[in-house]
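Numbering starts at 1 and runs along the sequence shown. Predicted model, so just to flag it, every value in this text is computed and none were measured.
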Amino acid sequence: QVQLVASGGGLIQPGGSLRLSCAASGFAFEYYAIGWFRQVPGKEREGVACINSSGGSTNYADSVKGRFTISRDNAKNTVYLQMNNLKPEDTAVYYCAADGLPNRLCVLSRPYEYNYWGQGTQVTVSS
């Protein structure tokens with residue numbers, strides 16, 4: 001079965017750092033772009049960061065540029081999201097998702113193009 005297991009969330013103070021992990025299985029991970037999305041109650045899901053299959057191309061939401069870094073280790077079937085200088089407005093459930101088609105550049109503006117979604121991990125930034 002296809003699985004995308006997000007982990008690493010938790011409670012962190014403003015200015016702190018967290019690293020989220022997304023462990024994938026059940027599909028050809030190395031051929032698919034992976035995205036991180038986040039959602040808060042009452043708001044639509046928004047793209048945070050994504051990375052293409054090889055790791056050579058990334059995209060970030062303007063709100064996280066310079067603070068978040070997405071990376072992947074295809075040998076481990078894992079994508080990471082390093083989050084630095086966290087702000088209260090970063091509080092959300094963070095989801096990782098796999099693109100619906102192989103070997104293409106990732107996008108953030110069209111979450112519906114991602115076929116497989118993990119269960120999400122809660123990130124709460126609060127003092």
Side-chain angles (χ1 to χ4, degrees):
Q1 71 278 23
V2 173
Q3 288 190 316
L4 292 163
V5 180
S7 62
L11 177 64
I12 191 75
Q13 293 184 342
S17 298
L18 286 172
R19 189 177 76 158
L20 306 184
S21 297
C22 177
S25 61
F27 70 103
F29 173 83
E30 68 271 27
Y31 293 112
Y32 288 85
I34 304 293
W36 284 98
F37 299 81
R38 65 187 182 188
Q39 190 167 30
V40 299
K43 291 192 172 185
E44 66 181 3
R45 190 168 298 183
E46 65 173 341
V48 177
C50 63
I51 188 166
N52 75 327
S53 60
S54 70
S57 180
T58 59
N59 287 306
Y60 295 92
D62 288 342
S63 60
V64 307
K65 286 180 180 177
R67 299 189 298 120
F68 291 11
T69 302
I70 189 170
S71 61
R72 68 191 294 160
D73 186 340
N74 284 347
K76 296 181 178 180
N77 279 12
T78 302
V79 169
Y80 305 96
L81 184 67
Q82 179 67 45
M83 305 186 296
N84 297 328
N85 192 24
L86 283 160
K87 303 175 180 180
E89 51 263 45
D90 295 318
T91 296
V93 177
Y94 284 71
Y95 301 88
C96 61
D99 197 8
L101 291 172
N103 300 315
R104 67 178 182 177
L105 297 176
C106 71
V107 297
L108 290 174
S109 61
R110 301 189 294 275
Y112 50 84
E113 293 186 358
Y114 290 76
N115 271 4
Y116 302 108
W117 293 79
Q119 86 292 348
T121 184
Q122 176 72 47
V123 173
T124 302
V125 185
S126 177
S127 60

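- Under the rule for a ring-ring contact (aromatic ring centres under 6.0 Å, His included), Tyr95 has no partner lying at least two apart in sequence or in another chain.
- Asn52 contributes a side-chain N or O that, together with a main-chain N or O of Ser57, makes up a donor-acceptor pair within less than 3.5 Å.
- One distance of note links OG1 of Thr124 with CG of Leu86; it measures 10.5 Å at 0.5 Å rounding.
- Here Arg72 contributes atom CZ and Ser54 contributes atom OG; the two are 8.0 Å apart, rounded to the nearest 0.5 Å.
- Looking at every heavy atom in both residues, Pro102 comes nearest to Tyr32 through N-CE2, 3.5 Å.
- Note that Arg45 lies outside the cation-pi zone of Phe37, set by a 6.0 Å cut-off to the ring centre and a 45° limit from the axis.
- Separating the SG atom in Cys22 from the CD1 atom in Ile51 is a distance of 11.5 Å, to the nearest 0.5 Å.
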For Asp62 and Lys65, what are the C-alpha separation, side-chain angles and deciding distance, and is it a salt bridge (Lys or Arg N to Asp or Glu O under 4.0 Å)? CA-CA 5 Å; Asp62 288 342; Lys65 286 180 180 177; 3.0 Å; yes
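- No side-chain heavy atom of Tyr60 sits less than 4.5 Å from a side-chain heavy atom of Val48.
- Enclosure of atom CD in Gln13 is not indicated, since only 12 or fewer non-hydrogen atoms of other residues, nucleotides or ligands lie within 6.0 angstrom.
- Tracing side-chain contacts under 4.5 Å through hydrophobic residues (I, L, V, M, F, W, Y), one never reaches Tyr80 starting from Phe29; they form parts of separate clusters.
- Between the side chain of Tyr116 and the main chain of Ala24, no donor-acceptor pair closer than 3.5 Å is present.
- When all heavy atoms of Ser53 and Glu30 are compared, the pair lying nearest together is CB-O, 3.2 Å.
- The CG atom of Asn115 sits 7.5 Å away from atom CG of Asp99, with the distance rounded to the nearest 0.5 Å.
- Contact between Ala33 and Tyr114 at its shortest, heavy atoms only, is O-CE2, 4.3 Å.
- Taking 4.5 Å as the limit, some side-chain heavy atom of Phe68 sits within range of a side-chain heavy atom of Asp90.
- Within the 4.5 Å cutoff, side-chain heavy atoms of Leu20 are placed close to those of Thr121.
- When all heavy atoms of Met83 and Val123 are compared, the closest pair comes out as CE-CG2, 3.9 Å.
- Checked by atom type, the side-chain pair Ser17/Asn84 shows a donor-acceptor distance below 3.5 Å.
- Among residue pairs with one or both ends in residues 113-127, those qualifying as salt bridge (Lys or Arg N to Asp or Glu O under 4.0 Å) are Arg104-Glu113, Arg110-Glu113; sequence neighbours excluded.
- By the neighbour-count criterion of 12 heavy atoms within 6.0 Å, atom OH of Tyr31 is sparsely surrounded, having that number or fewer from other residues, nucleotides or ligands.
- Contact check for Gln3 versus Ser25: side-chain heavy atoms found under the 4.5 Å cut-off.
- Expressed to the nearest 0.5 Å, how far CG of Leu4 lies from OG1 of Thr78 amounts to 10.5 Å.
- Separation of atoms SG (Cys50) and CG (Leu81) is listed at 11.0 Å; rounding is to 0.5 Å.
- When side chains are defined from C-beta on, Ser126 does not count as touching Pro88, because their heavy atoms never get closer than 4.5 Å.
- Using a 4.5 Å cut-off between side-chain heavy atoms of Ile, Leu, Val, Met, Phe, Trp and Tyr, with links allowed through other members, Ile34 and Trp117 fall into different hydrophobic clusters.
- Annotation for Trp36 and Ile70: closest pair CD1-CD1, 3.6 Å, computed over non-hydrogen atoms.
- Between the side chains of Tyr94 and Arg38, at least one donor-acceptor pair of N or O atoms lies under 3.5 Å.
- In terms of heavy-atom proximity, Asn59 sits nearest to Cys106 at ND2-O, 3.0 Å.
- The closest donor-acceptor contact from the side chain of Thr91 to the backbone of Glu89 lies at 3.5 Å or more, if one exists at all.
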